[in-house]
Structure formats: C-alpha cells, structure tokens
Trainee: 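Dropping the structure in here first, questions after.
What's counted below: heavy atoms across the whole structure, side chains too, no hydrogens, waters or symmetry copies. Residues take their numbers from the sequence shown, with the count starting at 1.
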Amino acid sequence: MKATGIVRRIDELGRVVIPKEIRRTLRIREGDPLELFTDRDELMLKKYSPIASVERFSEGTAKSLHEQSGYLAAITDADNILHAFGTGRKALVGKAVSDEMTELMASRRSHLASAAEGGSVMPVIKESDLSFTAQFVVPIVAGGDCLGAVILLSSEEGAVMESSAVKLARLTADIIASQFE
C-alpha cells in the first residue's frame, strides 16, 4: 500500500472526502460504487466491479468467444481489461481502457469498424502502440447500467469482422449481463 500523506477527518455523519487527485487517478466518479474491506485496524476502499465478481464465468466466456470466433477476445469492466484470449492478450490484460472506450460504454452503443473498409478503429487501452485493423465492441448493460464491454479485435491486414463473430459477441454480452438481473 502506498501512503499519500493526505489526512482527512470523518464528519458527524461518518463521511470522509476522497481528494480529487486520488479520484482522478483511480478513475472514481460521482455515483461509482466502492467496496469496503477491513484488516485489523485498516480500512480499504476499492472501486466495485460487478463483472469482477463473476471472475471465473467472464474468464471462461472470453476464452470461449476467442475459440469460436478466432479473434482476440476481451472482456472489460468500466475501467480495465479483465480478461483477454488470443494473440496479443498479454498486452491488454489489466490495462486501463481508453477514453474513447469509456465514452462508447457510457453511450451504451456498439462499435464495428474495419480499416479495410475505411472505418475508424479506436484505441482499446490508454497509452498503447497496439494497432488493430478491425474491431467490434458491444457494451454489457444490466439494469440500465453499463458494466463493461465485450471486444473482438483483429490485427490481420484487410480484416473485416464476420457477422457470425459479431453475433457471438452480442450473445456473450447478453449472457454476462443476464448474470446481474
């Protein structure tokens, strides 16, 4: 654990303010759920990720999606790539999603793009030199909230996402979302 040197007092209602710099660094926004942990005399806050709570299920789902589609398949929560399977997976897992991905998830829209067809392939993670030639991103929406996304990626020259793979990704997002309803 890293000390920040910041000290805050608890008010009469038991509230404590998390400084803006820390909220920005950890990408904590107003309304975000936080999970509380205690260990002896320590209190820890962690940004709550519903998808991380079904860790094994989402990991197996990402693996199956890769095996069935043949594309690099990834599952994210609202902030990070949780699982990825396929060529290039190590460069994605655990990394923060790009601002473009965050905006796309917030809009609850899917995104299909192929550079070969003149489409705009957006960056998937922040500060990366990875380049993909085709992608499909579908948000995972449950109870009106966007919990993350299912992503298919290709770096092959002239790649175009097959309609069967797009349907598989949509189905995967629906199955994951159904775990929260």
Trainee: What is the distance from atom OG1 of T61 to atom CD1 of I176, rounded to the nearest 0.5 Å?
Mentor: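 Going from the OG1 atom of T61 to the CD1 atom of I176 covers 5.0 Å.
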Trainee: Just one of E156, H66, E162, Q135 clears the side chain to side chain contact (heavy atoms under 4.5 Å, CB included) bar with Y71, so which one?
Mentor: E162
Trainee: For the atom pair OG1 (T25) and CD (E21), what is the distance rounded to the nearest 0.5 Å?
Mentor: 8.0 Å
Trainee: Minimum heavy-atom separation for A142 to A177, with atom names?
Mentor: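 Answer, listing the atom of A142 first, then A177: CB-O, 3.7 Å.
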Trainee: Which residues end up grouped with M122 if you chain together Ile, Leu, Val, Met, Phe, Trp and Tyr wherever their side-chain heavy atoms are less than 4.5 Å apart?
Mentor: L72, I81, L92, V97, M101, L104, M105, V121, V124, I125, L130, F132, V137, I151, L153
Trainee: Could you state the interatomic distance from OG1 (T133) to CE (M161), rounded to the nearest 0.5 Å?
Mentor: 7.5 Å
Trainee: Looking at A159 and S154, what are the two nearest heavy atoms and their distance?
Mentor: CB-OG, 3.3 Å
Trainee: Which heavy-atom pair separates L152 from A169 by the least distance, and what is that distance?
Mentor: CD1-CB, 3.9 Å
Trainee: Counting distance only, does the side-chain N/O of R23 pair as donor-acceptor with the main-chain N or O of I18 below 3.5 Å?
Mentor: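 Judged by distance alone, yes, a pair lies under 3.5 Å.
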Trainee: Please confirm whether the backbone N or O of A149 pairs with a side-chain atom of T76, one donor and one acceptor, at under 3.5 Å?
Mentor: yes
Trainee: Answer with yes or no whether the hydrophobic clustering places M44 together with V16; edges join I, L, V, M, F, W, Y residues whose side-chain heavy atoms lie under 4.5 Å apart.
Mentor: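 Each belongs to a different hydrophobic cluster.
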Trainee: Of the non-hydrogen atoms in A62 and A73, which two are nearest, and what is the gap between them?
Mentor: O-CB, 3.7 Å
Trainee: Does one hydrophobic cluster hold both F136 and I175, with members joined at side-chain heavy-atom distances below 4.5 Å?
Mentor: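 Yes.
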Trainee: Linking I/L/V/M/F/W/Y whenever their side-chain heavy atoms sit closer than 4.5 Å, directly or via other members, would L43 and I10 fall into one cluster?
Mentor: no
Trainee: Show the nearest heavy-atom pair for residues A116 and G158, with the distance to one decimal.
Mentor: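 That would be CB-CA, 3.7 Å.
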Trainee: Ignoring hydrogens and geometry, is there a side-chain-to-backbone donor-acceptor pair from R108 to G144 under 3.5 Å?
Mentor: yes
Trainee: Hey, quick one: are L65 and V166 part of the same hydrophobic cluster, counting side-chain heavy atoms closer than 4.5 Å, chains of contacts allowed?
Mentor: yes
Trainee: Keeping D145 on the side-chain end and L147 on the backbone end, is there a donor-acceptor pair under 3.5 Å?
Mentor: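 Not confirmed, D145 side chain does not pair with L147 backbone.
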Trainee: Please find the pair of heavy atoms, one from H111 and one from S120, that lie closest to each other, and give the distance.
Mentor: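 That closest heavy-atom pairing would be NE2-O, 3.0 Å.
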Trainee: Give a yes or no on whether V138 and F180 share a hydrophobic cluster (residues Ile, Leu, Val, Met, Phe, Trp, Tyr; joining criterion: side-chain heavy atoms under 4.5 Å apart).
Mentor: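 Result: yes, single cluster for both.
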